[in-house]
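Right, one structure below, let's go through it.
Here the structure is a predicted model, which means the values were calculated and not measured. Scope of the values below: all heavy atoms of this structure, side chains included, with no hydrogens, waters or symmetry mates.
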Amino acid sequence: MHLRADFVPLRATPSSDGVIGVTFEETKEASMVQTLRDDDLASAREAWARLLSKTHLTWDITEITPADHTPYSASVRQRHLADLVLVDCSCDPCAGVRRGPQISQTEGEYLVMLMTLQGREQVTQAGRTAQLTPGSVVMWDSAQHAEFLVQEPLIKRSLLVPKAALAEVGARGELLTGSVLDADAPAVSLLRNYLDGLSRTIDDLPLGALPAARNATIELLAAALQAPRQLWPQSTYATRSAAEAFIERNLHRGTLSPAVIADRIGVSVRSLHRAFEDSGETVSGYLRVRRLARARDDLTSGSPVSQVARRWHFSDASHFSRTFKKQYGISPSELLPHV
């Protein structure tokens with residue numbers, strides 16, 4: 001499943017399968033709202049599985065339970081922020097699984113941050129079961145088997161992030177999928193409040209503000225996932241920090257190389273390489289990822305592919321397109337805003 005939808009709803013009309021049919025108009029906001037309400041449980045289960053898979057990732061719904069013997073009800077609002085997807089969802093009790101067949105239908109790999117706003121839900125992954133109540137935050141991995149059980153009418157928010165996007169900010173600590181994050185931790189609280197504000201304003205953000213909003217989301221998520229204590233030796237941390245800062249200031253220079261970076265920050269080339277190897281990266285790989293991130297921002301703002309390729313020192317547009325698709329799973333042209 002490829003996660004892109006550049007539409008907002010104009011009007012809704014009932015369809016025979018219980019899903020509210022929606023007429024759409026293309027816009028730059030990339031927002032989509034869909035609602036489900038059905039008396040027939042078999043029809044509702046199939047319709048909810050389709051709607052959930054269309055707006056989140058592919059799931060198989062195994063059970064639904066209408067609240068108070070009323071028709072089964074669910075609603076989803078999906079917004080895009082470049083390669084990120086923000087989904088607000090409400091639904092009656094239900095259960096679902098994501099296993100081999102569902103995983104194979106998903107294009108790319110995602111990390112999903114799930115925030116419970118109202119109600120109770122249980123999420124199981126990697127042998128861990130998380131019981132979620134209002135305020136809870138859990139991370140799950142699209143590449144691993146997962147299960148959920150909504151125990152009462154639920155309102156939740158999900159942030160879907162391609163794994164490649166987190167690579168832009170480097171290794172920031174081990175991610176324990178299926179584990180509840182400390183909702184009271186400052187970084188987690190900051191991210192949750194930021195997403196509240198983003199959900200209210202994303203449809204009205206000007207095109208030029210989208211890259212900044214997207215990058216702020218990634219940085220805050222990386223901070224929320226950071227290990228509570230720094231595991232790198234102090235000298236390695238200092239070298240890595242100095243190198244990252246120098247690279248960020250000089251990405252526009254075509255002559256940037258490990259030798260140049262090491263010389264300018266006053267360390268040996270070997271020490272520089274070691275600082276990145278400790279997190280499973282290379283200097284050249286980190287440099288490439290940062291240039292691709294800048295290129296992605298330019299594409300989101302509407303710059304032509306060939307111009308972006310030249311600006312960030314790729315040999316030609318074809319090489320840039322191949323490298324970009326390998327990193328992000330989509331071609332550069334797919335990120336260009338619709339006119």
Side-chain angles (χ1 to χ4, degrees), residues 1 9 12 14-22 32-79 85-103 105-106 110 112-142 144-160 177-181 183 192 195-196 199:
M1 175 186 174
S15 65
S16 59
D17 62 5
V19 177
I20 297 296
V22 184
M32 180 168 65
V33 180
Q34 291 199 18
T35 300
L36 161 69
R37 189 173 177 84
D38 200 324
D39 289 294
D40 185 296
L41 290 187
S43 173
R45 185 175 67 82
E46 293 177 5
W48 181 219
R50 289 196 301 272
L51 180 55
L52 194 64
S53 298
K54 182 178 182 180
T55 55
H56 292 71
L57 296 171
T58 307
W59 286 88
D60 178 29
I61 299 301
T62 58
E63 178 185 349
I64 62 171
T65 306
D68 300 325
H69 306 289
T70 61
Y72 189 81
S73 178
S75 180
V76 178
R77 186 183 189 194
Q78 179 199 64
R79 276 78 57 81
V85 185
L86 186 65
V87 187
D88 289 338
C89 172
S90 65
C91 65
D92 284 342
C94 58
V97 297
R98 182 173 163 80
R99 297 187 177 130
Q102 292 77 37
I103 293 173
Q105 294 175 43
T106 303
Y110 294 80
V112 183
M113 184 177 188
L114 169 62
M115 292 156 281
T116 304
L117 305 180
Q118 181 178 309
R120 294 185 303 122
E121 180 178 17
Q122 192 176 89
V123 175
T124 301
Q125 185 168 75
R128 301 181 182 90
T129 297
Q131 181 64 55
L132 309 180
T133 57
S136 297
V137 181
V138 68
M139 293 296 304
W140 62 272
D141 187 337
S142 73
Q144 298 184 29
H145 290 193
E147 300 178 11
F148 74 83
L149 173 64
V150 175
Q151 298 154 314
E152 61 186 53
L154 182 76
I155 300 176
K156 64 180 180 179
R157 174 169 295 140
S158 297
L159 175 66
L160 285 71
T177 53
S179 293
V180 178
L181 301 181
R192 190 174 63 244
L195 291 177
D196 285 343
S199 180

Ignoring hydrogens, what is the shortest heavy-atom contact between [X] and [Y]? Give both atom names and the distance.
X: Pro93; Y: Glu152; result: CG-CA, 3.7 Å
X: Val76; Y: Cys89; result: CG2-SG, 4.2 Å
X: Ser53; Y: Ala49; result: OG-O, 2.8 Å

Within the structure provided, determine whether [X] and [Y] are in side-chain contact (heavy-atom separation under 4.5 Å).
X: Leu114; Y: Val123; answer: yes
X: Leu159; Y: Val85; answer: no
X: Pro71; Y: Pro66; answer: no
X: Leu117; Y: Pro134; answer: no
X: Leu52; Y: Ile61; answer: yes
X: Met139; Y: Val112; answer: no
X: His56; Y: Gln78; answer: no

Kindly compute the distance separating [atom1] ([X]) from [atom2] ([Y]), expressed to the nearest 0.5 Å.
X: Arg120; Y: Leu154; atom1: CZ; atom2: CG; value: 10.5 Å
X: Tyr72; Y: Leu41; atom1: OH; atom2: CG; value: 10.0 Å
X: Thr133; Y: Glu121; atom1: OG1; atom2: CD; value: 11.5 Å
X: Ser142; Y: Gln125; atom1: OG; atom2: CD; value: 8.5 Å
X: Ser90; Y: Gln118; atom1: OG; atom2: CD; value: 9.0 Å
X: Met115; Y: Asp196; atom1: CE; atom2: CG; value: 8.0 Å

TODO: Could you go through the side chain to side chain donor-acceptor pair (under 3.5 Å) check for Arg79 and Ser199 one step at a time?
DONE: CA-CA 8 Å; Arg79 276 78 57 81; Ser199 180; 2.6 Å; yes

Open item on the list: Thr129 vs Thr124, test: side chain to side chain donor-acceptor pair (under 3.5 Å). Steps then yes/no.
Closed with: CA-CA 4 Å; Thr129 297; Thr124 301; 3.0 Å; yes

Task: Leu160/Leu57 under side chain to side chain contact (heavy atoms under 4.5 Å, CB included): CA gap, chis, key distance, verdict - done: CA-CA 9 Å; Leu160 285 71; Leu57 296 171; 3.9 Å; yes

Residue pair [X] / [Y], side-chain donor-acceptor N/O under 3.5 Å:
X: Gln151; Y: Gln131; answer: yes
X: Arg77; Y: Thr55; answer: no
X: Thr106; Y: Arg98; answer: yes

Open item on the list: Between Arg99 and Asp60, does any side-chain N to carboxylate O distance fall below 4.0 Å?
Closed with: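 Judged by the 4.0 Å cut-off on N to carboxylate O distance, Arg99 and Asp60 do not form a salt bridge.
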
Task: Lys/Arg N to Asp/Glu carboxylate O, Lys156 vs Asp88, below 4.0 Å - done: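 Not counted as a salt bridge, because no side-chain N and carboxylate O are separated by less than 4.0 Å.
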
Task: Test item: Gln105 side-chain N/O and Pro101 main-chain N/O as donor-acceptor pair under 3.5 Å - done: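 Side chain of Gln105 to backbone of Pro101, a donor-acceptor pair under 3.5 Å: yes, one is there.
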
Task: Residues Phe148, Trp59; criterion ring pair (Phe, Tyr, Trp, His ring centres under 6.0 Å); working and verdict - done: CA-CA 10 Å; Phe148 74 83; Trp59 286 88; 5.1 Å; yes

Open item on the list: Run Arg157 and Thr116 through side chain to side chain contact (heavy atoms under 4.5 Å, CB included) and show every step you take.
Closed with: CA-CA 7 Å; Arg157 174 169 295 140; Thr116 304; over 6 Å; no

Sequence neighbours excluded, which residues qualify as salt bridge (Lys or Arg N to Asp or Glu O under 4.0 Å) partners of [X]?
X: Arg45; answer: none
X: Asp40; answer: none
X: Glu63; answer: none

Task: side chain to side chain contact (heavy atoms under 4.5 Å, CB included) between Leu181 and Val138, worked out - done: CA-CA 6 Å; Leu181 301 181; Val138 68; over 6 Å; no

